[in-house]
Student: 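What follows is a structure written as structure tokens; I'll ask about it next.
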Amino acid sequence: MEENKEKLNEKDVEVKEENIENNEEKKEIVEEKQEENKKEETKFKKAEEKRKELDKKMQEMIDKRKKNKKRYIILGSIIGVLLVIALFVSTIFAFVNINNDKIVSGVSISGIDMSGLSKDEAKAKLEEIYNKKEEQEIKLKRGEYETVLSPVLMEVDYKIDEAVEEAYKIGKEENIFVNNYKILFALIWKEDIPVNMTLNEEVTRQTIDDMNTNLSDVVIESSYTLEDEELIITKGKAGVKIDTDNLLNKAKEILTDTNISDDFVEIPVINKDPDPIDIDKIHEEVYKEAKDAYYTEDPLQVYPEEKGIDFDVENAKEILKEDKEEYVIPLIITEPEVTLDDLGTKAFPDQLATFTTRYDVSDVDRTTNLVLAIKKINGTVLRAGEEFSYNKVVGARTVAAGYKNAKIYSAGQVVDGLGGGICQVSSTLYNAALLANLEITERRNHQFVTSYVEAGRDATVVYGSTDFKFKNTRKYPIRIVATAKNGILTMTIYGIKEENEYTFKFTPKVLATTPYQTQYIDDDTLPEGTEKVKQKGAVGKKVQTTITKLLNGKVVSSEVLSVDTYTPMTRIILRGTKKVSSETSTPAVETPEETTETKPETQEPETQEPATNSTEEVEVPVGEE
């Protein structure tokens, strides 16, 4: 019994302990659930708070949008009103400006302010400036050589009217918005209109190229001439050549600049070597077989004799290996058996044209040069279609050939130079060729107006650079007879008259003139206070010569023969600086002028109508090659 009780008590204890454990588990579970509930409750509260916060922000955004909308409405209304006002004012402003006859503010032409000026006022302002530019010569210099480029002779033309019209139209020719934009742009940022300038590039380039002959260090090309039974080759010399493009661009810059400068412009040059001597080419040009003169009667054709000319090429190459200035190569000459003289006058029965000029026989050296050139030309025969070259026929003007120093034009002055005077021969022949109705293929006028022929009727030559050429465009051969006797130089062309023989009239017209400048040079050989004119001045000219062809007194055609530009010649006055004692001093007087140049200064040529056998006599030139 006792044992059972103990067992029962133990079981009760175990049950109680189990109950206690169960209660603790339940308590833990309850506590966990309570903890979970608290967390859920906390999450819910946070979510609620976020929702409320979002609602608040949404409300704030809605309120802000409402406020901004009101602002936009107000701002848009203000902008609209302003646009309406601006449009109204702009329209009024545009209409007022359209009727405005002034150039708007802020507009300039070539840097010159034109604000508020009328078209006439703007044009007058520009013409005052650019007229001075046209009168201002561009002074050029290289070493001791000085010359000028004349805007008048270059045919410079400033497009003033175009620039004024463009400036005037700003704010007047587009719609009102574009007009107002342009007006405001000009007012704030300024608007500059250039004055466009044009010039005769052909004439200007020719003028620049002609300056090359006056440079002391100009390149000299190798050349050759036939003298009796010798081929004389003159070796060329390296030198310089004017950079024509560069100088032309410099001239354009100066002419477009509204500022006037009296400074000299250095003539730009480029170095140039002469071309190498090509003896094979020279042989091709020189070689001829001997031919007898003859003529045919039906059709009538005359064929002059030709000397046979040849030389040993291999021997010439050996000679050229030497370093010399001049090479002499012997020629092999074969004489023809029949000459034109043997044919008599049947070959050239008619005088087609003649032209004469006068020269000063007392100037022995110059006369010698004329005679030498004439001897070369006299008797020259040109077949139909054949071309005459003055330099080829006359040859190089050298001391070896017998030429003397005489007056020539050089570096803008009258100086002594080898071969002076032979340009009178070429000019006389030029006029005879014109009167004989021959085609002139190459011809240039002189730098200055000559005195032995009128302006526009001269032909200058410089061996190696400037030639005078013409072609026999008649049906039959012609023969040139050249004489110089008793101060009269005559060129006569003989041939056979054709069915229609024409007479010619030449009409010169002075298109522009340029005044000459005066240069004073101190001279210690003249008493102080005295002056002597060393060189007369001569105005520059631009001359247009018209040639009129007539048949039996009726005009067949009339056309411009040439437009020639002549540079003004500087007047040079020597000013005495030699001190003279008071005991021997004399009143200052101007000494007589030296006879260095006798051509007229401003006398204009007159229209003339020479007959086919006309003889024109003019004064001898001094200071002309």
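What's counted below: heavy atoms across the whole structure, side chains too, no hydrogens, waters or symmetry copies.
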Student: Whether Arg383 and Glu386 form a salt bridge (side-chain N of Lys/Arg under 4.0 Å from carboxylate O of Asp/Glu) is what I want to check.
Tutor: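 Salt bridge present between Glu386 and Arg383.
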Student: Mind checking ring-ring contact (aromatic ring centres under 6.0 Å, His included) for Phe311 and listing every partner two or more places apart, or none if nothing turns up?
Tutor: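 Testing Phe311 for ring-ring contact (aromatic ring centres under 6.0 Å, His included), a comparison that skips the adjacent residues, returns His283.
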Student: At their closest point, which heavy atom of Gln351 faces which heavy atom of Thr354, and how far apart are they?
Tutor: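 Answer, listing the atom of Gln351 first, then Thr354: NE2-CG2, 3.6 Å.
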Student: If you look only at pairs with a residue in residues 324-336, which of them pass as a side-chain hydrogen bond (donor to acceptor under 3.5 Å, both in side chains), with sequence neighbours excluded?
Tutor: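 Not a single pair qualifies under side-chain hydrogen bond (donor to acceptor under 3.5 Å, both in side chains).
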Student: Any sub-3.5 Å donor-acceptor pair from Asn200's side-chain atoms to Met154's backbone N or O?
Tutor: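 It does not hold such a pair.
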Student: Within the 4.5 Å heavy-atom criterion, are Leu429 and Phe355 side-chain neighbours or not?
Tutor: no
Student: In the structure I gave you, are the side-chain heavy atoms of Ser465 and Thr213 within less than 4.5 Å of one another anywhere?
Tutor: yes
Student: For a side chain to side chain donor-acceptor pair (under 3.5 Å) check, start with the C-alpha distance between Asn486 and Arg358, then their side-chain angles and the critical distance, and finish with the verdict.
Tutor: CA-CA 9 Å; Asn486 299 327; Arg358 288 187 176 274; over 6 Å; no
Student: Can you list everything that forms a side chain to side chain donor-acceptor pair (under 3.5 Å) with Glu439? Sequence neighbours excluded, please.
Tutor: none
Student: Nearest heavy-atom pair of Ile242 and Asn212: which atoms, and what distance?
Tutor: N-OD1, 2.9 Å
Student: Decide yes or no for Thr380 and Phe388: does some side-chain heavy atom of the first lie under 4.5 Å from some side-chain heavy atom of the second?
Tutor: yes
Student: Restricting to salt bridge (charged side-chain N to carboxylate O under 4.0 Å, His left out), what partner residues turn up for Asp273, sequence neighbours left out?
Tutor: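 Checked Asp273 against salt bridge (charged side-chain N to carboxylate O under 4.0 Å, His left out); zero matches.
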Student: Nearest 0.5 Å, what's the CG-CD distance between Asn369 and Gln424?
Tutor: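 Answer rounded to 0.5 Å: 11.5 Å.
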Student: Heavy atoms, side chains only, cut-off 4.5 Å: are Glu305 and Glu337 in contact?
Tutor: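 No, side chains not in contact.
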Student: So, for Ile277 and Ser222, which heavy atoms are closest and what is the spacing to 0.1 Å?
Tutor: CG1-OG, 3.6 Å
Student: Given Ile138 and Leu140, is the side chain to side chain contact (heavy atoms under 4.5 Å, CB included) satisfied, shown in steps?
Tutor: CA-CA 6 Å; Ile138 301 173; Leu140 307 175; 3.9 Å; yes
Student: Answer yes or no: is there an ion pair linking Asp310 with Lys288, defined by an N-O contact shorter than 4.0 Å?
Tutor: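 Here Asp310 does not pair with Lys288 in a salt bridge, since their nearest N and O are not under 4.0 Å apart.
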Student: Which residues pass the side chain to side chain donor-acceptor pair (under 3.5 Å) test with Glu387, sequence neighbours left out?
Tutor: Thr441
Student: Give a yes-or-no answer on whether the side chains of Thr466 and Thr460 include a donor-acceptor pair shorter than 3.5 Å.
Tutor: no
Student: How about NZ on Lys291, more than 12 heavy atoms from neighbouring residues, nucleotides or ligands closer than 6.0 Å, or not?
Tutor: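 Atom NZ in Lys291 is not packed in, count stays at 12 or less.
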Student: Would a 4.5 Å heavy-atom cut-off, applied to side chains only, mark Val203 and Leu153 as touching?
Tutor: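 Val203 vs Leu153: side chains apart.
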Student: Tell me the closest heavy-atom pair linking Asn214 and Gln447, and the distance in Å.
Tutor: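 Distance-wise, the nearest heavy atoms are ND2-OE1, 3.5 Å.
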Student: Tell me every residue that passes ring-ring contact (aromatic ring centres under 6.0 Å, His included) with Tyr494, counting only those two or more places apart in sequence or in another chain.
Tutor: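 Here no residue qualifies.
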Student: Are Ile572 and Val533 close enough, and set up right, to give a side chain to side chain contact (heavy atoms under 4.5 Å, CB included), and what steps lead you there?
Tutor: CA-CA 6 Å; Ile572 300 176; Val533 178; over 6 Å; no
Student: If you draw a 6.0 Å radius around NZ in Lys375, do more than 12 non-hydrogen atoms from other residues or ligands fall strictly inside?
Tutor: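 No, because the 6.0 Å sphere around NZ of Lys375 holds 12 heavy atoms or fewer from other groups.
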Student: Take atom CG in Asp280; do more than 12 heavy atoms of anything else shown fall under 6.0 Å from it?
Tutor: yes
Student: Check whether any side-chain heavy atom of Arg397 lies under 4.5 Å from a side-chain heavy atom of Val461, and answer yes or no.
Tutor: yes
Student: Looking at every heavy atom in both Glu137 and Pro515, which two are closest together, and how far apart are they?
Tutor: OE2-O, 4.2 Å
Student: State, yes or no, whether a side-chain contact exists between Pro274 and Ile220 at a heavy-atom distance under 4.5 Å.
Tutor: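 A side-chain contact under 4.5 Å is absent here.
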Student: Test Asp209 against Thr244 for side chain to side chain donor-acceptor pair (under 3.5 Å), laying out the working first.
Tutor: CA-CA 7 Å; Asp209 288 342; Thr244 303; 3.0 Å; yes
Student: Is it the case that more than 12 heavy atoms not belonging to Lys307 sit under 6.0 Å from its NZ atom?
Tutor: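 No.
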Student: Show the atom names and distances, to 0.1 Å, of all donor-acceptor pairs under 3.5 Å that link a side chain in residues 557-565 to residues at least two apart or in another chain.
Tutor:
{"unit_1": "Ser558", "atom_1": "OG", "unit_2": "Thr548", "atom_2": "OG1", "d": "3.2"}
{"unit_1": "Ser562", "atom_1": "OG", "unit_2": "Asp564", "atom_2": "OD2", "d": "2.9"}
{"unit_1": "Asp564", "atom_1": "OD1", "unit_2": "Arg443", "atom_2": "NH1", "d": "2.8"}
{"unit_1": "Asp564", "atom_1": "OD2", "unit_2": "Arg443", "atom_2": "NH1", "d": "3.3"}
{"unit_1": "Asp564", "atom_1": "OD2", "unit_2": "Arg443", "atom_2": "NH2", "d": "3.3"}

Student: Partners of Glu201 by salt bridge (charged side-chain N to carboxylate O under 4.0 Å, His left out), sequence neighbours excluded?
Tutor: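 In terms of salt bridge (charged side-chain N to carboxylate O under 4.0 Å, His left out), with neighbours along the sequence ignored, Glu201 is linked to Arg205, Lys252.
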Student: Sequence neighbours left out, what passes salt bridge (charged side-chain N to carboxylate O under 4.0 Å, His left out) with Lys376? Give chain and number order.
Tutor: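 So Lys376 forms a salt bridge (charged side-chain N to carboxylate O under 4.0 Å, His left out) with Glu227.
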Student: Quick one: does Tyr403's side chain have a donor or acceptor within less than 3.5 Å of a partner on Gly420's backbone?
Tutor: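 No; judged by distance alone, with no hydrogens or angles, the pair does not exist.
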Student: Testing the basics here: between Ala373 and Ile422, what is the closest heavy-atom pair and its distance to 0.1 Å?
Tutor: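 Scanning both residues completely, I find the closest heavy atoms to be CB-CG2, 4.2 Å.
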Student: Using the side chain to side chain contact (heavy atoms under 4.5 Å, CB included) rule, take Arg444 and Asp210 through it: C-alpha gap first, then chi angles, then the decisive distance, then the call.
Tutor: CA-CA 9 Å; Arg444 285 188 186 179; Asp210 289 343; 2.6 Å; yes
Student: For atom NZ of Lys471, is the number of surrounding heavy atoms from other residues, nucleotides or ligands below 6.0 Å larger than 12?
Tutor: no
Student: Between Thr546 and Thr507, do the side chains contain an N or O donor and an N or O acceptor separated by less than 3.5 Å?
Tutor: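 No, because no side-chain N or O of Thr546 sits under 3.5 Å from a partner of the opposite role on Thr507.
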Student: Could you work out, with ring-ring contact (aromatic ring centres under 6.0 Å, His included) as the rule, every residue matching Tyr390, not counting sequence neighbours?
Tutor: none
Student: Are the side chains of Val556 and Leu550 in touch, meaning some heavy atoms are under 4.5 Å apart?
Tutor: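 No, side chains not in contact.
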Student: Over 60° means perpendicular and under 30° means parallel, so classify the ring planes of Tyr430 and Phe468, tilted if in between.
Tutor: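 The arrangement is perpendicular - the two ring planes meet at more than 60°.
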Student: Test of understanding: with salt bridge (charged side-chain N to carboxylate O under 4.0 Å, His left out), list the residues that count as partners of Glu229, not counting sequence neighbours.
Tutor: none
Student: Are any side-chain N or O atoms of Asp275 and backbone N or O atoms of Glu221, one a donor and one an acceptor, separated by less than 3.5 Å?
Tutor: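 No, the answer is negative, given that no donor and acceptor are paired below the 3.5 Å cut-off.
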Student: Restricting to ring-ring contact (aromatic ring centres under 6.0 Å, His included), what partner residues turn up for Tyr566, sequence neighbours left out?
Tutor: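 Expected list: none.
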Student: Would you say the side-chain atoms of Thr570 and Gln517 include a donor-acceptor pair closer than 3.5 Å?
Tutor: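 Judged by distance alone, the side chains do not pair up.
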Student: Looking just at side-chain N and O atoms, do Ser389 and Asp467 make a donor-acceptor pair shorter than 3.5 Å?
Tutor: yes
Student: Any donor and acceptor pair, going by atom type alone, linking the side chain of Asp350 with main-chain N or O of Leu352 inside 3.5 Å?
Tutor: no
Student: State, without any angle test, whether Glu498 and Tyr476 hold a side-chain donor-acceptor pair at a distance under 3.5 Å.
Tutor: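 Their side chains do not contain a donor-acceptor pair, so the 3.5 Å distance test is not met.
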Student: Would you confirm whether Arg474, through its side chain, and Gly495, through its main-chain N or O, come within 3.5 Å as a donor-acceptor pair?
Tutor: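 Judged by distance alone, no pair lies under 3.5 Å.
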Student: Assess whether side chain to side chain contact (heavy atoms under 4.5 Å, CB included) is satisfied between Ile374 and Val425, documenting all intermediate values.
Tutor: CA-CA 7 Å; Ile374 281 174; Val425 179; 4.3 Å; yes
